[in-house]
Peer 1: 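Supplied in structure tokens, the structure appears directly below.
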Amino acid sequence: MSKRDHMPSRGPSQRQLRVGELIRRTLSEVLARGDLHDPDLSGVSVTVGEVQPSPDLRQARVNVLPLGGQEVEKVIEALNRNKGELRREITRSMTLKFSPELKFVADTTFDQMDETRRLLGEARVRRDVEN
């Protein structure tokens, strides 16, 4: 084991954050223009919430959610089916040594925020917060 194996994770580097944001913007633009010719994506507005590149930038987890949260699985399957074309668009618009392999997943941050709001609205939690 190397010394690095014993160090706690520090979170994403500045480079990972910067690349993730560039990928997010590029994917958002491509999806907004409707450049993908897939019937499962036709007329569907998709929000790209966050892109989390791996430390070596060879892979990226893309958190997405269709507007209104409708047919999430169907949209994610369609995006994963078209990830080669989306990857080419990223390569075209960015200068990276490697174009990252994309993996699309459902963005659950909105659900987490709703649950947090619900919990903060409970009387017993409000009492604890106010004291």
Side-chain angles (χ1 to χ4, degrees):
M1 278 198 221
S2 70
K3 187 176 185 181
R4 208 176 222 186
D5 293 334
H6 297 289
M7 296 176 70
S9 175
R10 294 185 185 154
S13 68
Q14 284 298 317
R15 184 160 190 234
Q16 282 174 275
L17 292 171
R18 190 171 56 249
V19 168
E21 180 59 19
L22 289 171
I23 293 171
R24 188 192 70 75
R25 285 186 197 160
T26 301
L27 290 174
S28 293
E29 289 170 10
V30 170
L31 294 171
R33 286 192 312 252
D35 289 351
L36 295 176
H37 303 289
D38 187 305
D40 290 335
L41 295 172
S42 153
V44 177
S45 181
V46 179
T47 300
V48 182
E50 181 182 16
V51 176
Q52 302 163 322
S54 62
D56 64 2
L57 305 178
R58 289 183 185 238
Q59 300 170 351
R61 177 185 163 115
V62 182
N63 296 294
V64 295
L65 192 66
L67 190 63
Q70 301 298 314
E71 299 182 326
V72 176
E73 291 304 316
K74 181 177 166 183
V75 169
I76 288 174
E77 283 178 27
L79 289 169
N80 280 313
R81 237 187 351 259
N82 291 280
K83 65 184 171 184
E85 189 174 339
L86 291 166
R87 190 176 183 186
R88 279 188 292 281
E89 289 292 329
I90 290 169
T91 302
R92 214 173 290 156
S93 66
M94 297 174 62
T95 52
L96 292 172
K97 188 174 182 177
F98 302 102
S99 180
E101 179 70 32
L102 304 173
K103 179 180 182 190
F104 292 91
V105 297
D107 190 343
T108 59
T109 55
F110 296 108
D111 295 337
Q112 291 167 352
M113 288 189 316
D114 288 343
E115 178 62 11
T116 301
R117 280 191 203 104
R118 186 190 69 73
L119 288 171
L120 289 173
E122 289 183 3
R124 65 183 175 84
V125 174
R126 277 199 316 268
R127 272 194 317 271
D128 290 344
V129 171
E130 291 170 359
N131 292 330

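Since the model is a prediction, treat every value here as computed from it, not as a measurement.
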Peer 1: Please enumerate all residues that pass salt bridge (charged side-chain N to carboxylate O under 4.0 Å, His left out) together with Asp38, with sequence neighbours excluded.
Peer 2: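 Applying salt bridge (charged side-chain N to carboxylate O under 4.0 Å, His left out) to Asp38 gives Arg81.
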Peer 1: Go through the steps to decide whether Asp107 and Thr47 satisfy the test side-chain contact (heavy atoms from CB on, under 4.5 Å), and finish with yes or no.
Peer 2: CA-CA 9 Å; Asp107 190 343; Thr47 300; 5.9 Å; no
Peer 1: Residues two or more places apart in sequence or in another chain: which of them pass side chain to side chain contact (heavy atoms under 4.5 Å, CB included) with Thr91?
Peer 2: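 Listed in chain order: Ser99.
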Peer 1: Is any side-chain heavy atom of Val48 closer than 4.5 Å to one of Val64?
Peer 2: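 Yes, close enough: below the 4.5 Å cut-off.
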Peer 1: Looking at CD of Glu85 and CG of Leu102, how far apart are the two atoms once the value is rounded to the nearest 0.5 Å?
Peer 2: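 Answer rounded to 0.5 Å: 12.0 Å.
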Peer 1: Identify the two heavy atoms, one from Leu86 and one from Phe104, that lie closest to each other, and give their separation to 0.1 Å.
Peer 2: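 Heavy-atom minimum between the residues: CD1-CZ, 3.5 Å.
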Peer 1: Suppose we screen for side chain to side chain contact (heavy atoms under 4.5 Å, CB included). Which residues come up paired with Ala106, at least two apart in sequence or across chains?
Peer 2: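 For Ala106, the residues satisfying side chain to side chain contact (heavy atoms under 4.5 Å, CB included) (neighbours in sequence not counted) are Val72, Ile76.
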Peer 1: What's the separation between atom CG in Leu17 and atom CD in Gln14, rounded to the nearest 0.5 Å?
Peer 2: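 It is 5.5 Å, given to the nearest 0.5 Å.
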Peer 1: Quick check for you: to the nearest 0.5 Å, what is the distance between Lys83 atom NZ and Glu101 atom CD?
Peer 2: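 Here the rounded value is 4.5 Å.
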Peer 1: With Lys74, which residues qualify under salt bridge (charged side-chain N to carboxylate O under 4.0 Å, His left out), at least two apart?
Peer 2: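 Lys74 satisfies salt bridge (charged side-chain N to carboxylate O under 4.0 Å, His left out) with Asp40, Glu71 once adjacent residues are dropped.
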Peer 1: Could you work out, with side chain to side chain donor-acceptor pair (under 3.5 Å) as the rule, every residue matching Ser45, not counting sequence neighbours?
Peer 2: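 Per chain and number, Ser45 pairs via side chain to side chain donor-acceptor pair (under 3.5 Å) with no residue.
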Peer 1: In this structure, would Leu57 and Ile90 fall into the same cluster of hydrophobic residues linked by side-chain contacts under 4.5 Å?
Peer 2: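 Looking at the clustering, Ile90 is in the same group as Leu57.
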Peer 1: What residue pairs, at least two apart or across chains, pass side-chain hydrogen bond (donor to acceptor under 3.5 Å, both in side chains) with a residue in residues 56-66?
Peer 2: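 Counting only pairs at least two positions apart or across chains, the side-chain hydrogen bond (donor to acceptor under 3.5 Å, both in side chains) contacts touching residues 56-66 are Gln52-Arg61, Ser54-Asp56.
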Peer 1: Kindly list each side-chain donor-acceptor pair under 3.5 angstrom involving residues 24-31, sequence neighbours excluded, with atom names and distances?
Peer 2:
{"residue": "Arg24", "atom": "NE", "partner": "Glu21", "partner atom": "OE1", "Å": "3.0"}
{"residue": "Arg24", "atom": "NE", "partner": "Glu21", "partner atom": "OE2", "Å": "3.4"}
{"residue": "Arg24", "atom": "NH2", "partner": "Glu21", "partner atom": "OE2", "Å": "2.8"}
{"residue": "Arg25", "atom": "NE", "partner": "Glu21", "partner atom": "OE2", "Å": "3.2"}
{"residue": "Thr26", "atom": "OG1", "partner": "Leu22", "partner atom": "O", "Å": "2.9"}
{"residue": "Thr26", "atom": "OG1", "partner": "Ser93", "partner atom": "OG", "Å": "3.3"}
{"residue": "Ser28", "atom": "OG", "partner": "Arg24", "partner atom": "O", "Å": "2.9"}

Peer 1: Would you compute the distance between atom CD of Glu77 and atom CG of Leu41 and round it to the nearest 0.5 angstrom?
Peer 2: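 Atom-to-atom, Glu77:CD and Leu41:CG are 11.0 Å apart.
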